[in-house]
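Below: the structure, in structure tokens.
In each ligand, atom 1 is the first atom listed, and ligand 1 is the first ligand listed.
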Amino acid sequence: MIFPDYRPRRLRQNENFRAMVRETRLSPSQFILPLFVQTGKGVKDEVSSMPGVFRLSVDKLAEEARDCLAAGVRSVILFGLPASKDATGTGAYIKDGIVQRAVRELKNAVPELMVVTDVCLCEYTDHGHCGLIVDGDVDNDASLELLAKTALSHAEAGADMVAPSDMMDGRVAEIRAVLDENNFTNLPIMSYAVKYASAFYGPFREAADGAPQFGDRRSYQMDPANVREAFREAAMDIEEGADIIMVKPALSYLDVISKMRDEFDHPIAAYQVSGEYALVKAAAANGWVDGDKVMMESLLSIHRAGADIILTYAAKDMARLLTL
Ligand code: PBG
């Protein structure tokens, strides 16, 4: 395979050739769009650090869902902003909580849309941590029951899949057991198995009002320097019953996605997080990059690295571009 016998440019000479030999293709059906739901009526507030991303009240969800389906995006993941917060995150698991109401509204208005729910306590606790605080620290085992209770309440509201993002040890097993005991044996768990303690979550914490009020999340989320530990986390979650494993964030962790792909047969999801989205949008707003092209290239890279599923705030826009 040496020049001039081999000329790689032969297969790049026009779009017909390029499309024919393209190795990776994105499809809107791989995307999950994150949605922020809040209380109130007629609310559609843009998140200042995430242009094009809104906090919606429940009555605004159906319209958004129809828009998604029209663009070819068939699933959303819900994050809730409760009316009030307390020490035990009650708003996360009450029957009439914001996410539970949102799920019921969506499954009622647009039943063909898949509704995934994020299972965590941080948006509902007044201290902003993802579990219960005991003696000034996030108590792992005491948090499990509440997380499972949250997942069950989402299932009862009609969620199609639950996605625990808290990073407590043992939560997948606990959630699986409680779902099974309540006849939700068919409800899949998409585990945020490999979730790093990342500065890329900054804009999300503004959007979901979920910043920790003291300390940080490094005692439960993973150290960005580690990859061998990611194998242990993923293996453990699979053993406990995870159906899909997630790596988060995505772009700075393509090596992790790729290694997970080689090691595990389970479907892999990757979350292009708020900071990744915001960086592209900010540069595009300044005219420094072509926002759509950079976003698409970024999603393509995430898929090429090995992610089957991509959670992205750009899902609708990119889906529209893909189906032009
Ligand atoms: C809640 C949660 C977070 C994100 C998803 N679920 C924030 C965090 O862990 O601090 C981040 C999503 C994003 O940045 O887009 N635990």
Side-chain angles (χ1 to χ4, degrees), residues 31-37 47-55 76-82 85 89 91-93 98-99 116-125 127-133 138 140 143 146-147 150-151 154 161-169 171-172 175 189-224 233 244-253 269-282 295 298-299 302 307 309-315:
F31 297 157
I32 303 180
L33 176 71
L35 292 180
F36 298 102
V37 206
V47 178
S48 61
S49 53
M50 300 172 74
V53 175
F54 298 86
R55 295 161 152 203
V76 297
I77 180 164
L78 297 179
F79 295 93
L81 290 105
K85 304 178 189 239
Y93 40 83
I98 185 71
V99 164
V116 185
T117 57
D118 183 88
V119 174
C120 197
L121 299 181
C122 61
E123 295 123 55
Y124 307 90
T125 50
H127 45 73
H129 278 287
C130 304
L132 274 183
I133 302 292
V138 181
N140 193 85
S143 305
L146 296 184
L147 291 163
T150 303
H154 294 172
M161 179 154 73
V162 291
S165 69
D166 52 282
M167 287 298 278
M168 297 300 128
D169 300 332
R171 89 273 208 217
V172 175
I175 290 171
I189 298 174
M190 174 166 72
S191 169
Y192 288 69
V194 181
K195 179 177 178 182
Y196 289 92
S198 170
F200 283 94
Y201 306 151
F204 174 94
R205 294 185 185 167
E206 177 208 334
D209 189 25
Q213 297 304 302
F214 65 90
D216 54 43
R217 305 211 204 286
R218 286 181 296 172
S219 76
Y220 41 107
Q221 299 179 345
M222 277 181 58
D223 185 331
E233 280 282 1
I244 297 172
I245 51 173
M246 194 197 297
V247 175
K248 175 189 176 184
L251 200 59
S252 298
Y253 299 85
Y271 199 141
Q272 183 193 48
V273 300
S274 55
E276 299 179 58
Y277 177 87
L279 292 185
V280 176
K281 288 290 181 185
M295 196 72 83
S298 178
L299 295 180
I302 294 165
I309 302 161
I310 306 175
L311 294 86
T312 170
Y313 299 97

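- Residues Met295 and Tyr277 form a side-chain contact, since some pair of their non-hydrogen atoms from C-beta on lies under 4.5 Å apart.
- Ring geometry for Tyr196 against Tyr253 counts as parallel: the plane angle stays under 30°, on a 0 to 90° scale with 60° as the upper cut.
- Note on ring orientation: taking the six-membered ring where Trp is involved, the planes of Phe36 and Tyr313 are parallel (angle under 30°, cut-offs 30° and 60°).
- Counting heavy atoms of neighbouring residues, nucleotides and ligands inside a 6.0 Å radius, atom CZ of Phe200 does not exceed 12 of them.
- Note that the CG atom of Leu33 and the OG1 atom of Thr312 stand 8.0 Å from one another [nearest 0.5 Å].
- Taking the centre and axis of the six-membered ring of Tyr201, the NZ or CZ atom of Lys195 falls inside the cone set by 45° and 6.0 Å.
- Each of Phe79, Asp118, Cys120, Cys122, Glu123, Cys130, Ser165, Lys195, Tyr201, Phe204, Arg205, Arg217, Gln221, Lys248, Tyr271, Val273, Ser274, Tyr313 has a non-hydrogen atom positioned under 4.0 Å from some atom of ligand 1.
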